[in-house]
Amino acid sequence: MEPIKTMSASASPERIYDLLVVGGGVNGTGIARDACGRGASVLLVEQDDLASYTSSSSTKLIHGGLRYLEYYEFRLVREALMERERLLSMAPHIMWPLRFVLPHSKLVRPAWMLRLGLFLYDHLASNMTLPKSIGVDFRKHSSGRALKPEYAKGFIYSDGWVQDSRLVVLNAMDAAERGCDVRVRTRLIAAQRVNGQWLATLEDRTTGQTQTVRAKAMVNAAGPWVARLLADTLKIPNSKSVRLVKGSHIIVPRVYEGPQAYIFQNPDKRIVFAIPYEQKFTLIGTTDIPWKEEPGKVGIAPDEIAYLCESVNRYLNVQVKESDVVWSYAGLRPLYDDASANASAVTRDYVLDLDTQDGAPLLSIFGGKITTYRKLAEHALEKLAPVLPAVGGQSWTAAEVLPGGDIGEGGFDGALARLRRAAPWLAEGLAWRLMRNYGSRAYEIIGQATSMEDMGELLGGDLTAREVDYLMEREWARTAEDVLWRRSKLGLHLDDAEKNRVETYVHKKAV
């Protein structure tokens, strides 16, 4: 199991990169991947772990955004629906279709409006392969068993699910395998234009060492920090700004049976999802809270927990209590500031701002959503190509699977059956988890092992030393949090003693 070859922090400063990408979220890694595939030399730096912030804090949906139709975001919804189909085929191990149940509430939108919206949702994208929407009588349909009896009618439509932080890591892996220099826990602390190039100073946040690198162009994909990077680090004025909106989610023990998700309308016209999560749980979210403080790590507030519980309790037979919450997470969505008065109405579209002052291009990314990250990357490189010929090649990412996505015939079930035949000594649950997280790369983790003993120390649950080694050598995991919460969600399944064992193992290996 060879680690990904990346340039070390002590590399010669004489090398000039075509592109320096700042930000290791889904937009930054997507742009780096696309640029490397076009033959450009790329350095990507992320101040913490990959997907540490916004890109690991989503509702984890690959969707067009049904409610955005209400704000006339037809172009965005159409693009997102087309991307939904592409993404589901690019990484079928970490993405899969879901059916969403939408009960009709007389307190919110009329049935004709929902029916019209779903008709548009079904037909805006020409490449839709998922089942179209249907009207249902919950007194006769199995999905109605979870609902209170007053919700007799509604609709069911299709969208998709994604393991968001793994999507980011897979983009970074593919970029690295195409030559990208990926550096986590590395911060851009200064940069200036010198002779038509960017002269950038980087700080390794683990060692404190600094290094100067040169790049012909820079992409500012810093997410919540995009405006701060412009103003404070680069000292470049810009008329565009981001509007930070906090979205929070709660995880509770499973509150209904079945593979379907639910989308609930609230009297304030916001919507909340209830989604099957990690087999034993239900994910409930999200909120939309304007955030006026500095960007960084955020947590859920008590009133948000109460709001989410109230939102689902309005519809579900099984009532969710605040004491049921086993985990919560929150993140800041850096939306392009379109001056909307309502946080829920702020556009989820993106704006690309190109500054070519003094011949050293700077492209800043404002806004965006996880579903459209690949298209955003294409658009970003199209905008850069006239001033950076190295990225002027053909777009290629629409038809190329992400690492592990080549799972073969029969989809996920077929791939899982083949893995179980190849390694019959794997417990059923572990085989399922390895295929679901890593796809065809599960075989790299197993390697030459012929028994569980060959997989090394059992650190907790079914997590083995060999899997952690893979995450550290191939996926830039550096801490137990990286392993348990971003590369997986095993933190939900392990007790404190097991988590401490993982932390001890990771720490020893990282030293």
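Since this is a predicted model, take the numbers as computed values, not measurements.
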Parallel under 30°, tilted from 30 to 60°, perpendicular over 60°: which one fits the rings of Trp485 and Trp327?
parallel

Residue pair Glu85, Thr129: steps toward the side-chain hydrogen bond (donor to acceptor under 3.5 Å, both in side chains) verdict
CA-CA 7 Å; Glu85 298 288 330; Thr129 61; 2.5 Å; yes

Evaluate the side-chain hydrogen bond (donor to acceptor under 3.5 Å, both in side chains) criterion for residues Ser158 and Arg99: first the C-alpha distance (whole Å), next the side-chain angles of each, then the deciding distance (0.1 Å), finally the verdict.
CA-CA 5 Å; Ser158 295; Arg99 291 291 269 172; 2.7 Å; yes

Phe412 six-ring centre to Arg436 NZ/CZ under 6.0 Å and within 45° of normal:
yes

If I take atom CD1 from residue Ile250 and atom OG from residue Ser328, how far apart are they, to the nearest 0.5 angstrom?
8.5 Å

Closest non-hydrogen atom pair between Pro295 and Arg228, with its separation
CD-NH2, 3.9 Å

On a heavy-atom basis, which atom in Val226 and which in Ser364 lie closest, and how many Å separate them?
CG2-CB, 4.2 Å

Mark yes or no: Lys383 above the aromatic ring of Tyr350, with NZ or CZ under 6.0 Å from the six-membered ring centre and no more than 45 degrees from the axis.
no

Measuring from Leu434:CG to Leu419:CG, what's the distance to the nearest 0.5 Å?
6.5 Å

For Trp161 and Leu283, which heavy atoms make the closest approach, and how far apart are they?
CH2-CD1, 4.2 Å

Would you call Arg374-Asp174 a salt bridge at under 4.0 Å N-O?
no

Check step by step if side-chain hydrogen bond (donor to acceptor under 3.5 Å, both in side chains) holds for Thr59 and His249.
CA-CA 8 Å; Thr59 312; His249 302 76; 2.8 Å; yes

Gap between atom CZ of Arg441 and atom NE2 of His93 - 0.5 Å precision
8.5 Å

Please lay out, stage by stage, how Arg433 and Glu467 fare under the test salt bridge (charged side-chain N to carboxylate O under 4.0 Å, His left out).
CA-CA 11 Å; Arg433 188 175 64 76; Glu467 183 178 351; 2.7 Å; yes

To the nearest 0.5 Å, tell me how far Ser89 OG sits from Asn127 CG.
9.5 Å

So, for Val26 and Ser55, which heavy atoms are closest and what is the spacing to 0.1 Å?
N-OG, 3.0 Å

With respect to Tyr262, which candidate in Tyr315, Phe155, Tyr157, Tyr256 satisfies the ring-ring contact (aromatic ring centres under 6.0 Å, His included) definition?
Tyr256

Leu484 CG to Lys489 NZ distance, which is reported to the nearest 0.5 Å:
10.5 Å

Check whether the side chains of Asp164 and Ser56 place a donor and an acceptor atom closer than 3.5 Å, and report yes or no.
no

Measuring from atom CD1 of Ile94 to atom CG of Asn437, what distance do you get when rounded to the nearest 0.5 angstrom?
9.0 Å

Between His104 and Phe138, does the ring centre distance come in under 6.0 Å?
no

Going through the checks in order, is the side-chain hydrogen bond (donor to acceptor under 3.5 Å, both in side chains) test met by Glu304 and Ser248?
CA-CA 7 Å; Glu304 290 180 282; Ser248 298; 2.9 Å; yes

Considering only NZ, NE, NH1 and NH2 on the basic side and carboxylate oxygens on the acidic side, decide whether Glu382 and Lys375 come within less than 4.0 Å.
no

Checking Arg474 against Glu177 for the salt bridge (charged side-chain N to carboxylate O under 4.0 Å, His left out) test, could you report, in this order, the C-alpha distance in whole Å, the side-chain angles of both residues, the deciding distance, and whether it holds?
CA-CA 10 Å; Arg474 299 284 287 170; Glu177 290 170 6; 3.0 Å; yes

For Tyr53, is the NZ or CZ atom of Lys297 found under 6.0 angstrom from the centre of its six-membered ring and inside 45 degrees of the ring axis?
yes

